**Student:** 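Once you've had a glance at the structure underneath, I'll fire off some questions.
Basis for what follows: all heavy atoms, side chains included, without hydrogens, waters or symmetry-related copies. Here the structure is a predicted model, which is why all the values come from computation and not from measurement. Start at 1 and go down the list; that is how both ligands and their atoms are numbered.
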Amino acid sequence: MKLILLGAPGAGKGTVAKLLTALDGSVQISTGDILRGAVQAGTELGKEADGYMKRGDLVPDSLIMGIMEKRLQEPDCQKGFLLDGFPRTIPQAEALKVLMAKLGIKLDMVVSIDVPRDVILDRLCTRRTCTQCSAIYNVKSNPTKVAGVCDKCGGPAIQREDETEAAISHRLATYNEKTAPLIGFYEKEGMLKSIVGTSSDVVVNAIKAAVGL
Ligand code: ADP
Ligand code: ZN
C-alpha cells in the first residue's frame, strides 16, 4: 500500500506505520527518524536540522524534499510505503505531487488519524523512543522490561530532546498552523480518509478495510 499518514505529534502515526509494514511488506518512511539518524551520525544534513528539531520547529522544505526524492527511489519502496511525518506543509504536499508524477507513483490514500488533544499531551510526555532502532514505548501503557533499555535491540530507550513540555506545546502549535491545512488539501484532492481512534489496532483495522487487505 502507498499511504500518507497525517496526524498531530503523538497521534500514533509511527506505531500504526510499524504495524502496517508487517502486513504487506510496505516500508515505513519517517522523516523524523531519518533526521534524528542524521543528527546522531553528525552528517551535514544532521548539523543543519539539529537546531530546528530541538526547538520543535520544522526543518526547511528544501532539505526535506531532497531527502524524500532520494528515499522514494530506493528499491524497497516498490512494494509500498507509509509516509509518517511527511508531508508537513502545503509546499511539501505540492512538491510531493510533482515528485510522484515524475516517478510514476500513485498514492492509494491519505489517512488522517484524529486523537483528542488531552490524550496527545499525555502520550507525548510519557513516550520513550529507542535512539538505536526507533522502537516506541510509553512509561505508563507500554513500558520497556528494563527501565531505559529497548526490549528489541538493547539500545537506550529515552525521552526525545523535543519532548519537554515547552517543545511539545510548540510542536503542537506548529502542527495546527502548518500541517493541519493538509487535511483540507487532500480532501479537495478526493484522497482523504479520516479515522477517529485512540487505539492503534482500531486505526490499523480501519486502514486494512479501506485498502482491501
Ligand atoms: P512527531 O510527529 O512526533 O512530532 P517526528 O519524528 O515526525 O515527530 O518529527 C520530529 C521533528 O523532525 C519535527 O519536529 C521537525 O523538526 C522535524 N521534521 C520531521 N519531518 C519533517 C517534515 N516533513 N518537514 C519538516 N520538518 C520535519
Ligand atoms: Zn531499539
**Student:** List the closest protein heavy-atom neighbour of atom 26 (N) of ligand 1: residue, atom name, distance to the nearest 0.1 Å.
**Tutor:**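 Checking every protein heavy atom, the shortest distance to atom 26 (N) of ligand 1 gives V59 N, 3.0 Å.
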**Student:** Does R171 pair with E163 as a salt bridge, N-O distance under 4.0 Å?
**Tutor:**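 Yes, R171 and E163 are salt-bridged.
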**Student:** Give me the residue, atom name and distance of the protein heavy atom closest to atom 20 (N) of ligand 1.
**Tutor:** T31 OG1, 2.7 Å
**Student:** Show all protein N/O/S atoms under 2.8 Å from the Zn ion (ligand 2), or state that there are none.
**Tutor:** C130 SG, C133 SG, C150 SG, C153 SG
**Student:** Looking at atom 24 (N) of ligand 1, what's its closest protein heavy atom, distance included?
**Tutor:** Q92 NE2, 2.9 Å
**Student:** Please confirm whether the backbone N or O of L83 pairs with a side-chain atom of K13, one donor and one acceptor, at under 3.5 Å?
**Tutor:**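 Not confirmed, K13 side chain does not pair with L83 backbone.
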**Student:** Rounded at 0.5 Å granularity, tell me how far CD in Q78 sits from CG in D76.
**Tutor:** 9.0 Å
**Student:** Identify the two heavy atoms, one from A135 and one from C150, that lie closest to each other, and give their separation to 0.1 Å.
**Tutor:**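 Looking at all heavy atoms of both residues, the closest pair is CB-SG, 4.1 Å.
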**Student:** Would you say D33 and ligand 1 have an N/O pair spaced under 3.5 Å apart?
**Tutor:**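 Between D33 and ligand 1 (N or O atoms, distance only) the closest approach is not under 3.5 Å.
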**Student:** Less than 4.0 Å is my threshold; does some heavy atom of R55 fall inside it relative to ligand 1?
**Tutor:** no
**Student:** Of all the non-hydrogen atoms in the protein, which one sits nearest to atom 12 (O) of ligand 1, and at what distance?
**Tutor:**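 Nearest neighbour among protein heavy atoms for atom 12 (O) of ligand 1, to 0.1 Å: M53 CE, 3.4 Å.
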**Student:** Kindly check if the number of other-residue, nucleotide or ligand heavy atoms within 6.0 Å of CD (E189) is above 12?
**Tutor:**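 Yes - once you tally the heavy atoms of other residues, nucleotides and ligands closer than 6.0 Å, there are more than 12.
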**Student:** For the hydrophobic clusters of this structure (ILVMFWY residues joined by side-chain heavy atoms under 4.5 Å, transitively), does one cluster hold both L6 and F86?
**Tutor:** yes
**Student:** Can an N or O of D57 be found at a distance shorter than 3.5 Å from an N or O of ligand 1?
**Tutor:** yes
**Student:** Find all atoms of ligand 1 within a distance of less than 4.0 Å from any non-hydrogen atom belonging to R36, and give their numbers and elements.
**Tutor:**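 Under 4.0 Å from R36, ligand 1 has these atoms: 6 (O), 10 (C).
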**Student:** Is E94 salt-bridged to K97, cutoff N-O under 4.0 Å?
**Tutor:** no
**Student:** Flag yes if more than 12 heavy atoms outside E74 fall under 6.0 Å of its CD atom; otherwise flag no.
**Tutor:** yes
**Student:** My understanding is that only one of L35, L45, I67, D50 makes a side-chain contact (heavy atoms from CB on, under 4.5 Å) with V59; could you say which?
**Tutor:**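 Of the listed residues L35, L45, I67, D50, the side-chain contact (heavy atoms from CB on, under 4.5 Å) partner of V59 is L35.
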**Student:** To check your reading of the model: name the closest protein heavy atom to atom 18 (N) of ligand 1, its residue, and the distance in Å.
**Tutor:** L35 CD1, 3.5 Å
**Student:** Could you check which of G85, S134, A167 puts a non-hydrogen atom nearest to atom 23 (N) of ligand 1?
**Tutor:** G85
**Student:** Answer with yes or no whether the side chains of D24 and S26 bring together a donor and an acceptor at under 3.5 Å.
**Tutor:** yes
**Student:** For E161 and ligand 1, answer yes if some heavy atom of the residue is under 4.0 Å from a ligand atom, otherwise no.
**Tutor:** no
**Student:** In the protein, which heavy atom is nearest to atom 8 (O) of ligand 1, and how far is it?
**Tutor:** R160 NH2, 3.2 Å
**Student:** Establish, for the pair R55 and Y52, whether the NZ or CZ atom is under 6.0 angstrom from the six-membered ring centre and no further than 45 degrees off its axis.
**Tutor:**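 Ring-cation test returns yes.
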**Student:** Would you mind checking which non-hydrogen protein atom is closest to atom 4 (O) of ligand 1, with the distance to 0.1 Å?
**Tutor:** R171 NH2, 2.8 Å
**Student:** Heavy-atom pairs closer than 4.0 Å: do any link ligand 1 to the side chain of K54, the backbone, both, or neither?
**Tutor:**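 Within the 4.0 Å criterion, K54 makes no contact with ligand 1.
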**Student:** Students should be able to answer this: which protein heavy-atom is nearest to atom 5 (P) of ligand 1, and at what distance?
**Tutor:**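 Looking only at protein heavy atoms, the one closest to atom 5 (P) of ligand 1 is R88 NH2, 3.5 Å.
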**Student:** Are the side chain of D151 and the backbone of T144 linked by a donor-acceptor contact shorter than 3.5 Å?
**Tutor:** no
**Student:** Ignoring hydrogens and angles, tell me if any N or O in the side chain of T179 forms a donor-acceptor pair with the backbone of R88 under 3.5 Å.
**Tutor:**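 Between the backbone of R88 and the side chain of T179 there is a qualifying donor-acceptor contact (under 3.5 Å).
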